[in-house]
Participant: 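Have a look at this one before I ask anything.
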Amino acid sequence: MTSPLRIASWNINSVRARADIVGQFLDEEAPDILCLQETKVVDELFPHELFASRGYDHIIVNGQKMHHGVAIVSKVPMARDNRFDWQANGEARHLGVALPNGVRLENVYIPAGGDIPDRDKNPKFGQKLDFLGRMIDWSGTLEHPTILVGDFNIAPLECDVWSHKALLDVVSHTPIEVETLGRLQAAANWTDLGRTFIKAPERLYTWWSYRAQDWRKSDRGRRLDHMWATPDVAPAAKGHRVHEQCRDWGKPSDHIPLVTEFHF
DNA sequence: ATGGTGGTTGTACCA
């Protein structure tokens, strides 16, 4: 006996500025669970009604003023929520919950890391690597089947960016970031669900800069957002897609939603 | 090679 459960993840770049397209996405796609990153709102001002009016009665938030912030909205109950501070600086970048079947769902917003890929010249880059280091340690301690989703701010494969060569020195695709993300993936034998269903080297991007004149024409995309699963739950994933059409909606996020369907 | 846009704020900062 299996029942389908569709989980979405979206870096929304301000949940309040994006109310219209979040509503449109939920009306059209109707995932059971939506994990948000970059909500950019304190918990007291989170727009509950935007979700509750559509049947997402279970809402758990970890926000802060102005920057960062994550949330999980769900049609199914969630329990045992926790928040890790993997940067040890108080930023709201993680929210984990237990699903009714015992699977853990971990929603993360990994730091972007600034512009210069050198921890001596740019502390933000060091913080990004250190954040990943703490996630590596955590991955070695998992006690439950786990799904890890979010904006990882790293595009690991050559085919995850529009030009591997042009981006080798650009934060998000540097060798040290790719190597560190590889160690994170190995630490719990995480399955990359995106590349399970859309095999390399097929084009697969989740982010396009606002700065392009025509994002679709230039198509300088990167796969910064990911959905991973531990080996005991990865076989339950039966489908995966990214919703590129959302990048064309009015007042878009620079990221697009990812959706995986699980049959538990 | 540079700068291009957008959100939160009400000024730079972050992405």
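Residue numbers begin at 1 in each chain, while the letters A, B, ... track the order of the sequences.
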Participant: Mind listing the closest non-hydrogen atom pair of A:Asn11 and A:Asp225 along with its distance?
Facilitator: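 That closest heavy-atom pairing would be CB-OD2, 4.0 Å.
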
Participant: What nucleic acid atoms does A:Arg18 come within less than 4.0 Å of, heavy atoms only: base, sugar-phosphate, or nothing?
Facilitator: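 Sugar-phosphate contact only.
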
Participant: What interatomic distance, in whole Å, is found between P of B:dT2 and the corresponding atom of B:dG6?
Facilitator: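 To the nearest whole Å, 23 Å.
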
Participant: Can you confirm whether more than 12 heavy atoms, excluding those of A:Arg220, are under 6.0 Å from its CZ atom?
Facilitator: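 Incorrect, the count does not exceed 12.
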
Participant: If you assign A:Ser209 and A:Lys65 each to the DNA chain B nucleotide with the nearest heavy atom, which residue ends up on the more 5' nucleotide?
Facilitator: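 Nearest nucleotide further toward 5': that of A:Ser209.
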
Participant: Rounded to the nearest Å, what distance is computed from the CZ atom of residue A:Arg247 to the P atom of nucleotide B:dG6?
Facilitator: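 It works out to 9 Å between those atoms.
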
Participant: In whole angstroms, how far is the P atom of B:dG6 from the NZ atom of A:Lys40?
Facilitator: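 About 13 Å, once rounded to whole Å.
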
Participant: If I compare all heavy atoms of A:His94 with all of A:Asn62, which pair ends up nearest, and what's the gap?
Facilitator: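 That would be O-ND2, 2.8 Å.
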
Participant: Grab the CG-C1' distance between A:Asn11 and B:dC14 for me, whole Å please.
Facilitator: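 So the two atoms are 12 Å apart, to the nearest Å.
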
Participant: Roughly how many Å is it from NE2 in A:His68 to C1' in B:dC13, rounded to a whole number?
Facilitator: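 Those two atoms, NE2 and C1', are 10 Å apart.
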
Participant: Can you tell me, in whole Å, how much space there is between the C1' of B:dA1 and that of B:dA12?
Facilitator: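 B:dA1 and B:dA12 have their C1' atoms separated by 25 Å.
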
Participant: Please state how far atom CZ in A:Arg220 lies from atom C1' in B:dT2, giving the value in whole angstrom units.
Facilitator: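 It works out to 12 Å between those atoms.
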
Participant: Out of B:dC14, B:dT5, B:dG7, which has the shortest distance to the side chain of A:Tyr210?
Facilitator: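 The nucleotide sitting nearest to the side chain is B:dT5.
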
Participant: Tell me: CG of A:Asp254 to P of B:dC14, nearest whole Å?
Facilitator: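 Atom-to-atom, A:Asp254 to B:dC14, this comes out as 17 Å.
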
Participant: Is A:Ser14 near enough to B:dT8 that one of its side-chain N or O atoms lies under 4.0 angstrom from OP1 or OP2?
Facilitator: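 For A:Ser14, the contact criterion (side-chain N or O under 4.0 Å from OP1 or OP2 of B:dT8) is met.
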
Participant: Tell me the interatomic distance from A:His67, atom NE2, to B:dG6, atom P, rounded to whole angstroms.
Facilitator: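 Between P of B:dG6 and NE2 of A:His67: 18 Å.
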
Participant: Considering only the P atoms, how many Å lie between B:dG3 and B:dG7, rounded to the nearest integer?
Facilitator: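 Roughly 22 Å separates the two P atoms.
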
Participant: Between NZ of A:Lys124 and CZ of A:Phe131, what distance do you get to the nearest 0.5 Å?
Facilitator: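 So the NZ of A:Lys124 and the CZ of A:Phe131 are separated by 13.5 Å.
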
Participant: Go through B:dT8, B:dA15, B:dG6 for me and flag the one nearest to the A:Met66 side chain.
Facilitator: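 Out of B:dT8, B:dA15, B:dG6, the nucleotide with an atom closest to A:Met66's side chain is B:dT8.
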
Participant: Using purine N1 to pyrimidine N3 plus N6-O4 or O6-N4 for Watson-Crick, or N1-O2 and O6-N3 for G-U wobble, both under 3.5 Å, which nucleotide pairs with B:dT5?
Facilitator: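 Pairing partner: B:dA15.
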
Participant: By nearest nucleotide on DNA chain B, pick out whichever of A:Glu38 and A:Lys251 is the more 5' one.
Facilitator: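 In this pair, the answer is A:Lys251.
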
Participant: Decide yes or no for A:Leu184 and A:Thr180: does some side-chain heavy atom of the first lie under 4.5 Å from some side-chain heavy atom of the second?
Facilitator: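 When only atoms from C-beta onward are counted, A:Thr180 and A:Leu184 do not touch, as no gap falls below 4.5 Å.
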
Participant: Considering just the side-chain nitrogens and oxygens of A:Lys124, establish if one lies under 4.0 Å of OP1 or OP2 belonging to B:dC14.
Facilitator: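 Result: yes.
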
Participant: OG1 of A:Thr230 to CD of A:Glu106: how many Å apart, nearest 0.5 Å?
Facilitator: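 CD of A:Glu106 is found 10.0 Å from OG1 of A:Thr230.
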
Participant: Need one value for A:Arg93: base, sugar-phosphate or nothing, where a base atom within 4.0 Å counts as base even if backbone is also close, heavy atoms only.
Facilitator: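 A:Arg93: backbone/sugar contact only, no base atoms under 4.0 Å.
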
Participant: Within this structure, what is the CD-to-P distance between A:Gln64 and B:dG7, rounded to whole angstrom?
Facilitator: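 It is 18 Å, rounded to the nearest whole Å.
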
Participant: Starting the side chain at C-beta, find the nucleotide from B:dA15, B:dT5, B:dG7 nearest to A:Ala17.
Facilitator: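 Looking only at heavy atoms from C-beta outward on A:Ala17, the closest nucleotide is B:dG7.
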
